[in-house]
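Working notes, beginning with the structure itself.
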Amino acid sequence: MPPSSTGLPCMLMRGGTSKGAYFLAEDLPADPQQRDGLLLRVMGTPDPRQIDGIGGAHPLTSKVAVVSRSADPDADVDYLFLQVGVEAPTVSDRQNCGNLLAGVGPFAVERGLVAAADGHTRVRIRMVNSGSLATATFPTPGGTVDYEGTTAISGVPGTAAAVLLDFADTEGSAGHGLLPTGRLRDQIDGIEVTCIDNGMPVVVAAARDLGVTGYETPAELAADTELVERIQSLRLKAGQLMGLGDVTDAPVPKTTLVAPPRDGGTVSTRTFIPLRPHASIGVLGAVTVATAVLLEGAVGHDLARLPAPGTALGIEHPTGRLDVEVELELDLEPDTGIAPPRVRRSSLVRTARKLFDGTVFPRPLP
């Protein structure tokens, strides 16, 4: 790895509704502590403005993807996601990021990890954080990544080339199953919640049970200090129930408030990451919420306007909607008659764009 004084190779990409720095694993220190220290200096953390780094002063723009060739025969590349704090000097690998995932396939082709096909290229990606697998399919006419296209996604201006993401084995990404508490519903602080994990640990609660409509803007939610305190209490207690331990300083679980849809979708959502209201909703958070509303008895199921089987679920959020396909297996077990839900697959469409490719210079060590 080059010394920090001379910089290191980096590609800044927008993936979905997030933005992050993409690195080859070989260009970063192998020791996690040294790697994380370097990334804090690259991103400009800790500082609410991240003025001395390339972070964007927001959790959605203070992200890192570390990519390498995979030794897994079922994958082409490994993708480690790291959430870098903004004001606090933290680097967490406790969650996946499905938005940055949209840029991993194109980055792998750009860096020569995967050979591009003429037309479209499929890249099999092992999400190191959870061991889950995803396949990204995107246009590569003439064997070159094409970022231009006509696909629009909510929360991103303009259009770009579509990146189809197919997920497998996302159920129980934190290691405690689809329903980490073993129940469809739990009661925390007098609120009925569903603790669920289909790629992202999420606490789902009805907005009305917390005294809001579920249609507020992120700014309105952020200004409600009592609500934010209640969200923190919910997630801290849910973290224990979900087997995640003390989540005080962890980015998971997320909390999503649900309400009936009002813009033609399946359900309306407002998500906290973990306490800052999200301008939209994360990819795997949307997959997880979609899974919850499909489960009879889970919080949100009775509020949702479910489409015909096999049709995408429209997860509404503050800046639009995200359409998600989720296939569940709900066959009864012959001995018990109980139907533990299993996830067959899930998929959705995102876009990604290369913003710059070059050398980043970390803040010098003190």
Side-chain angles (χ1 to χ4, degrees), residues 1-16 18-47 50-72 75-86 88-114 123-134 136 145 249-251 352-366:
M1 189 200 77
S4 62
S5 61
T6 58
L8 64 155
C10 172
M11 185 181 291
L12 190 70
M13 301 185 76
R14 175 189 62 76
S18 293
K19 183 166 60 178
Y22 289 67
F23 297 94
L24 289 176
E26 64 194 53
D27 291 329
L28 294 172
D31 177 75
Q33 187 173 357
Q34 293 181 22
R35 177 201 66 202
D36 293 352
L38 176 64
L39 293 176
L40 290 172
R41 292 185 285 121
V42 165
M43 302 304 282
T45 299
D47 174 25
Q50 291 184 317
I51 197 67
D52 204 28
I54 63 172
H58 191 284
L60 297 181
T61 57
S62 188
K63 298 184 171 188
V64 169
V66 182
V67 183
S68 60
R69 285 189 174 87
S70 182
D72 187 332
D76 300 306
V77 297
D78 287 349
Y79 154 51
L80 172 67
F81 169 68
L82 298 171
Q83 178 69 60
V84 180
V86 177
T90 58
V91 180
S92 175
D93 63 359
R94 295 186 64 177
Q95 67 175 84
N96 291 310
C97 178
N99 273 304
L100 282 202
L101 174 67
V104 171
F107 176 77
V109 170
E110 294 259 17
R111 287 290 190 261
L113 301 182
V114 176
V123 177
R124 302 171 303 163
I125 303 164
R126 185 173 75 96
M127 294 183 282
V128 175
N129 304 71
S130 63
S132 307
L133 296 173
V145 178
D249 298 319
R353 193 169 77 83
K354 177 171 63 174
L355 304 179
F356 81 67
D357 188 8
T359 303
V360 64
F361 295 88
R363 181 178 64 240
L365 286 167

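Computation of the quantities below employed the complete heavy-atom set of this structure, encompassing side-chain atoms and omitting hydrogens, waters and symmetry-equivalent molecules. The shown structure was predicted, so the numbers you read here are calculated from the model rather than taken from an experiment.
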Pro59 backbone acceptor or donor facing Gln83 side chain under 3.5 Å
yes
Taking all atoms of both residues into account, what is the closest heavy-atom pair of Leu28 and Phe23, and its distance?
CD1-CB, 3.8 Å
What's the separation between atom CG in Asp27 and atom OG in Ser68, rounded to the nearest 0.5 Å?
11.0 Å
Please report the shortest heavy-atom distance between Pro106 and Ala102, naming the atom on each side.
CD-O, 3.5 Å
Using 0.5 Å steps for rounding, measure from the OG1 atom of Thr90 to the CG atom of Leu40.
7.5 Å
For Met43 and Ile54: C-alpha separation, side-chain torsions, deciding distance, then whether side chain to side chain contact (heavy atoms under 4.5 Å, CB included) applies.
CA-CA 5 Å; Met43 302 304 282; Ile54 63 172; 3.8 Å; yes
Applying the side chain to side chain contact (heavy atoms under 4.5 Å, CB included) test to Val64, which of Asp36, Leu80, Val84 qualifies?
Val84
Which value, rounded to the nearest 0.5 Å, describes the distance between Asn96 atom CG and Asn129 atom CG?
5.0 Å
Would you call Pro29 and Leu38 a side-chain contact if the rule is heavy atoms closer than 4.5 Å?
yes
Spacing of CG belonging to Leu113 relative to CZ belonging to Arg111, to within rounding of 0.5 Å
9.0 Å
Quick check: do Phe81 and Met127 have side-chain heavy atoms less than 4.5 Å from each other?
no
Identify the residue among Val128, Ile125, Val77 that makes a side chain to side chain contact (heavy atoms under 4.5 Å, CB included) with Val67.
Val77
Are the side chains of Tyr79 and Cys97 in contact, using a 4.5 Å heavy-atom criterion?
yes
Can you name the nearest heavy-atom pair linking Pro46 to Ala88, along with the distance?
CB-C, 4.1 Å
Please report the interatomic distance CG(Asp47) to OG1(Thr45), rounded to the nearest 0.5 Å.
8.0 Å
With heavy-atom distances below 4.5 Å as the criterion, would you say the side chains of Asp93 and Pro32 are in contact?
no
Hey, what do you get for CZ (Arg353) to NZ (Lys19), rounding to the nearest 0.5 Å?
10.0 Å
Quick one: do Lys354 and Val145 satisfy side chain to side chain contact (heavy atoms under 4.5 Å, CB included)? Show the steps, please.
CA-CA 10 Å; Lys354 177 171 63 174; Val145 178; over 6 Å; no
Is there side-chain contact between Leu100 and Met13, with heavy atoms separated by less than 4.5 Å?
no
Using a strict threshold of under 4.0 Å (side-chain N to carboxylate O), is an ion pair present between Asp249 and Arg94?
no
